[in-house]
Number of protein chains: 2
Amino acid sequence: MAHTYEYPRPALTVDCVVFGFDGEGLQVLLIRRGVEPFLGTWALPGGFVHMEEDLEDAARRELREETSLSDVFLEQLRTFGTPGRDPRGRVVSVAFYALVRPEQHPAKGDTDASEAAWFSATALPPLAFDHREILEAALDRLRGKIRYQPVGFELLPKRFTLSQFQALYEAILGRPLDKRNFRKKLLAFDFLIPLDEFSEGSHRPARLHRFDRRKYDALVRKGFHFEI
Amino acid sequence: MAHTYEYPRPALTVDCVVFGFDGEGLQVLLIRRGVEPFLGTWALPGGFVHMEEDLEDAARRELREETSLSDVFLEQLRTFGTPGRDPRGRVVSVAFYALVRPEQHPAKGDTDASEAAWFSATALPPLAFDHREILEAALDRLRGKIRYQPVGFELLPKRFTLSQFQALYEAILGRPLDKRNFRKKLLAFDFLIPLDEFSEGSHRPARLHRFDRRKYDALVRKGFHFEI
DNA sequence: GCAAAAGTGTTGCTCCTACACCCATGG
DNA sequence: CCATGGGTGTAGGAGCAACACTTTTGC
């Protein structure tokens, strides 16, 4: 009823933790703030939610505006609303995390006005607001999720080598994995399609594979439980 | 900057999916709405977030006010903000789920004014707003979580029998489990303490156990990974 | 003494882990 | 021909699933 609308309302924002993988380690895309507060400090891309705009749409819009990213894997993380997390007053932020493939990575100068850059997830600069806490929560989620859901593919090129895949898992889980066992297990799942294409490089070419989402979805419907 | 505050703001609420277990099946605590919209319809307990109030605090306050529950396991689920989910206008709701032990269940008449009641998770009445969707999301989360985190204990009495524990898992996972294998696995984890107390009833008494959180936390720190 | 739930071991099999060498290519 | 990463099989052990009967109690 009308009076419910007389409550003072917090401001509502979205923030995105954007993960990438460069073949070596996990990376995070940050933007340098162009306004106060925290002018000049690195921060997660994000901004205010419009009225009449779905939360996920707001996150995608901010990603597009601030980092020129679109069509990425995006999932809600959780909402951060501790009073005092924003010096301007009560601001509640719905956090998302995104996974982007190397071929989607924005080129330098791709982002307008504000500066955007990739940082290693293990060597982060100081961040604005409580963005460090949000980022750590996203890292925890990713580390948990990657073990029992095949989200790793969202961080690799559409066509990838098994070694790339293994390097990704080693980077995220933070420990070395046995090459033979890893490949055996992965191929046994039977949702990777070996292609007749090979990587290029100065050494022996590696066979490329792609993820067969259709087959994976079918397996899941049959009660299959992915786990690495 | 001042102008950031001139954005129109959605109203912000919290809603709680409260799970219980009666020894037979999973249950959900609902309240009957006493105001429009959806007057008289069953709904999740919840309400508006106060300025200067943390989100989790708001959820606990609403639980206390509407269901007299306190000191329960409570965790954020996710935030629902699709425009149109509330006929009164833009309302964004941060959803939580709670797990309560039988001895915490509110007695009839314990809740003031509004009516509260437990429903079987498999026989729910029509719900207000998008609360059905929130509830399904909470069920999914619980089913996933219970497999790799020992949250089941939060739904059982402090002291419980292994059969109760098995019945809980069977109810949530929706399939029968082998008694001997279940007990063997559970006891091998070594974080259940067998007590010298026994259940009462008209048949052979069962030994009571309790969960040793201290031991469990220590195992987790050593890299232990719970999974049933 | 009977109905009802508690409690208990073994076996076969599957899946996991550990482990080392040859292959293909570019330079 | 050398440096670099790609690719492959096996054996031992751990853990999982399948399975049935005896015990204790209240009535």
Side-chain angles (χ1 to χ4, degrees), chain A residues 21-25 102 146-148 156-157 159-171 173-210 219 222-228, chain B residues 21-25 102 146-148 156-157 159-171 173-210 219 222-228:
Chain A
F21 180 65
D22 65 356
E24 286 281 306
I146 207 157
R147 295 191 53 167
Y148 61 92
L156 292 175
R159 302 171 314 145
F160 51 85
T161 70
L162 297 184
S163 294
Q164 285 176 307
F165 200 72
Q166 181 176 346
L168 171 65
Y169 269 74
E170 289 180 334
L173 299 179
R175 61 188 159 91
L177 300 170
D178 181 88
K179 183 163 53 157
R180 278 179 286 195
N181 294 337
F182 186 84
R183 294 161 100 92
K184 230 180 311 170
K185 186 162 188 176
L186 209 51
L187 292 174
F189 285 144
D190 204 42
F191 51 60
L192 286 193
I193 303 178
L195 304 173
D196 284 326
E197 298 169 83
F198 295 82
S199 65
E200 320 226 321
S202 68
H203 308 299
R204 174 173 174 177
R207 184 178 290 274
L208 296 174
H209 299 252
R210 69 178 183 81
L219 285 170
K222 285 184 201 145
F224 165 78
H225 177 64
F226 173 84
E227 176 147 6
I228 278 197
Chain B
F21 181 66
D22 66 355
E24 285 282 307
I146 207 159
R147 297 191 52 167
Y148 61 94
L156 293 175
R159 302 171 314 146
F160 50 87
T161 70
L162 296 185
S163 294
Q164 285 177 306
F165 200 72
Q166 181 176 346
L168 171 65
Y169 269 75
E170 289 179 335
L173 299 179
R175 60 187 161 92
L177 300 170
D178 181 89
K179 183 161 57 155
R180 278 178 287 195
N181 293 337
F182 186 83
R183 294 160 100 92
K184 229 180 311 171
K185 185 161 187 176
L186 210 52
L187 292 174
F189 284 145
D190 204 44
F191 51 58
L192 287 192
I193 303 177
L195 305 173
D196 284 326
E197 298 168 84
F198 293 83
S199 66
E200 322 224 320
S202 69
H203 308 298
R204 174 173 176 177
R207 183 178 290 274
L208 296 174
H209 298 253
R210 68 178 184 82
L219 285 171
K222 285 184 201 145
F224 165 78
H225 178 65
F226 173 83
E227 176 146 7
I228 277 195

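Numbered from 1 within each chain, the chains take letters A, B, ... in sequence-line order. All values below come from the heavy atoms of this structure, side chains included, with hydrogens, waters and symmetry mates left out.
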Round to the nearest Å and state the distance from [X] atom [atom1] to [N] atom [atom2].
| X | N | atom1 | atom2 | result |
| --- | --- | --- | --- | --- |
| A:Arg183 | D:dG6 | CZ | P | 7 Å |
| B:Gln166 | D:dA17 | CD | P | 13 Å |
| A:Lys179 | D:dG9 | NZ | P | 13 Å |
| B:Leu208 | C:dA5 | CG | P | 17 Å |
| A:Leu162 | D:dG6 | CG | P | 9 Å |
| B:Leu187 | D:dC16 | CG | P | 14 Å |
| A:Asp178 | D:dG7 | CG | P | 15 Å |
| B:Glu227 | D:dC16 | CD | C1' | 13 Å |

TODO: Could you label the plane-to-plane angle of the B:Phe191 and B:Phe189 rings as parallel, tilted or perpendicular, counting under 30° as parallel and over 60° as perpendicular?
DONE: parallel
[X] side chain: which of [options] is closest?
| X | options | result |
| --- | --- | --- |
| B:Pro205 | D:dA18, D:dT24, C:dA20 | D:dT24 |
| A:His203 | D:dT8, C:dT25, C:dG27 | C:dT25 |
| A:Arg180 | D:dG9, D:dG6, D:dA17 | D:dG9 |
| A:Lys184 | C:dG26, D:dT10, D:dG26 | D:dT10 |
| A:Ala206 | D:dG6, C:dG7, D:dA17 | D:dG6 |

Atom [atom1] in [X], atom [atom2] in [Y]: separation rounded to 0.5 Å?
| X | Y | atom1 | atom2 | answer |
| --- | --- | --- | --- | --- |
| B:Lys185 | B:Glu227 | NZ | CD | 6.5 Å |
| B:Asn181 | B:Leu186 | CG | CG | 12.0 Å |
| A:Arg183 | A:His209 | CZ | NE2 | 7.0 Å |

Open item on the list: Should the side chain of B:Lys185 and the base of D:dG15 be counted as holding a donor-acceptor pair, with the cut-off at 3.5 Å?
Closed with: no
Open item on the list: For a quick check, tell me whether the side chain of B:Arg204 and the base of D:dT23 share a donor-acceptor pair closer than 3.5 Å.
Closed with: yes
TODO: Check whether any side-chain nitrogen or oxygen of A:Ser163 sits under 4.0 Å from OP1 or OP2 of D:dG5, and answer yes or no.
DONE: no
TODO: Please tell me which of A:Asn181 and A:Ser202 maps to the more 5' nucleotide of DNA chain C, matching each residue to the nucleotide holding its nearest heavy atom.
DONE: A:Asn181
TODO: Kindly indicate whether the side chain of A:Ile146, heavy atoms from C-beta on, has any atom under 4.5 Å from the side chain of A:Ile228.
DONE: no
